[in-house]
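Read through the structure below, which is laid out as structure tokens, and then see the notes.
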Amino acid sequence: MDIPPLAGKIAVLSLGALPLSFALNYVSVLSYPLGVVLMSSLILGLLSLAIYSLSRSDIYYDPLYAVFAVFAFTSVVDLLIALQEDGYMAGFMAFYTKEGEPYLRTAHGVFICYWDGIVHYLLYLAMTGAIRKRKSYRNLGLYWLGSFIMSILVFLPGNILGKYSSEIRPTFFLTVPFVLVPCWAGLRVFNQTQVPTCCTPNTVEEAQRKGLLWRPVDLALIIYLIFAAFFTLFRGLVVLDCPMDACFVYIYQYEPYLRDPVSYPKVQMLVNMFYVLPFYGLAIYALIFPGCSWLPDWALVFAGAIGQAQFSHMGASMHLRTPFTYRVPEDAWTSFFLCNLLYALGPHLLAFRCLWRPAFFLRPPPGPPANHEKQH
């Protein structure tokens, strides 16, 4: 596999977070919240300056190169936080979780740090490498965009609404750029030129002539999306304290984590109900009627979003930092993992299907011009 050369440079730069965080852990000024936010701002500023001085040509070619490089550094920091909170290392980021963002010590916080430190980090290296080689990274960017936005949509409201609302420190306001940057980055990624497909007009016309019964993969995806939509709606009703017996049984016997006062699971289910559920309905429409060229892009966005959401939700439901009464009961492990793994896998299969054979979703080719006979 050809590894982009600059990806290695960004990896080396981002790994500088290890000695830096270890040294900062023993700086006395960081025992105060204001000291943490000032030092964090200074480090991010110096890091941005260093990236600009080292890679001006790449930043001029695509400004998102600088964004991904800075985020790669913060991904390593997040991985250090997760590993420290789980007891795999010590003496690195204790000052930050104590005086900066104490809600990162929750089970949900630990797992979003794992996701950011592994999945997002690999995406940043791949995308910066693609920019260095002047190649397209549109598909990777769309997956990252969905994953990143889902993380923010759940984590920030959960911090404000949950039991850690009284623990918000000045460092919380450093997340403002993390809200604004994805909006700007998303517009740039969507505006990138799509990779041309090898589908000929005849291939597109033939694919779009087939009925649903002659497309068994699409039929299976539609059936999956129907069940996933009902599951999404059901869990949304559960966290809204629906009085139905089924909701009561589910929240106490299968997913008691939905009652955890940290509020992350409740916010997650509501985000799924108000954003993911409508997408499932639109995806069903696009799998039935040809020419919905928007589906491949949005399937990637929602695959990233659901992947991040399910990883954090499943992990936090079982983690030791979640109180025992809110963890998944042992006799429900099988059904819990089966349902949630299928819920996470389906959007990825949908995105793969859209990229694998995109002819059905392309705009139909224009018909031949009408022949008008000359009147004599």
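Aromatic pair W294/F190: ring centres not closer than 6.0 Å. Taking the six-membered ring for Trp and the full ring otherwise, F234 and Y250 have centroids separated by under 6.0 Å. Ring centroids of Y275 and F279 are separated by 6.0 Å or more, keeping the two rings apart. For Y121 and F71, the ring centers are positioned 6.0 Å apart or more. Residues Y143 and H348 place their aromatic rings such that the two centres sit under 6.0 Å apart.
If you check the side chains of Q268 and N272, you find a donor sitting under 3.5 Å from an acceptor. For T232 and Y343, the side-chain atoms include at least one donor-acceptor pair closer than 3.5 Å. Between the side chains of Y114 and D86, a donor-acceptor pair is found at a separation under 3.5 Å. For the residue pair H108 and D260, no side-chain donor N or O sits within less than 3.5 Å of a side-chain acceptor on the partner.
Around atom CZ of R357, no more than 12 heavy atoms belonging to other residues, nucleotides or ligands sit under 6.0 Å away. The environment of CG in D245 is sparse: at most 12 heavy-atom neighbours from other residues, nucleotides or ligands sit within 6.0 Å.
In this structure, T106 contributes its side chain and G109 its backbone to a donor-acceptor pair below 3.5 Å. The backbone N or O of L362 sits less than 3.5 Å from a side-chain atom of Q208, completing a donor-acceptor pair.
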### Message
For R138 and D297: C-alpha separation, side-chain torsions, deciding distance, then whether salt bridge (Lys or Arg N to Asp or Glu O under 4.0 Å) applies.
### Response
CA-CA 9 Å; R138 194 172 188 274; D297 287 349; 2.8 Å; yes
### Task
Assess whether side chain to side chain contact (heavy atoms under 4.5 Å, CB included) is satisfied between L355 and L300, documenting all intermediate values.
CA-CA 9 Å; L355 297 177; L300 278 169; 4.1 Å; yes
### Task
Test side-chain hydrogen bond (donor to acceptor under 3.5 Å, both in side chains) on S312 and Q308 and set out the steps.
CA-CA 6 Å; S312 301; Q308 189 280 332; 3.1 Å; yes
### Task
Could you walk me through whether E205 and R209 pass the salt bridge (Lys or Arg N to Asp or Glu O under 4.0 Å) test, one step at a time?
CA-CA 6 Å; E205 187 177 357; R209 271 205 311 261; 3.6 Å; yes
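The pair D62-R188 counts as a salt bridge, with a side-chain nitrogen and a carboxylate oxygen less than 4.0 angstrom apart.
Partners of I223 according to the side chain to side chain contact (heavy atoms under 4.5 Å, CB included) rule, which considers only residues two or more places apart in sequence or in another chain, are L219, F227.
Ring geometry, F352 versus W356: the interplanar angle falls under 30°, so the pair is classed parallel (tilted spans 30 to 60°). Note on ring orientation: taking the six-membered ring where Trp is involved, the planes of H313 and F336 are tilted (angle from 30° to 60°).
M318 and Y257 fall into different hydrophobic clusters, where Ile, Leu, Val, Met, Phe, Trp and Tyr are joined by side-chain heavy atoms under 4.5 Å apart, directly or via other members.
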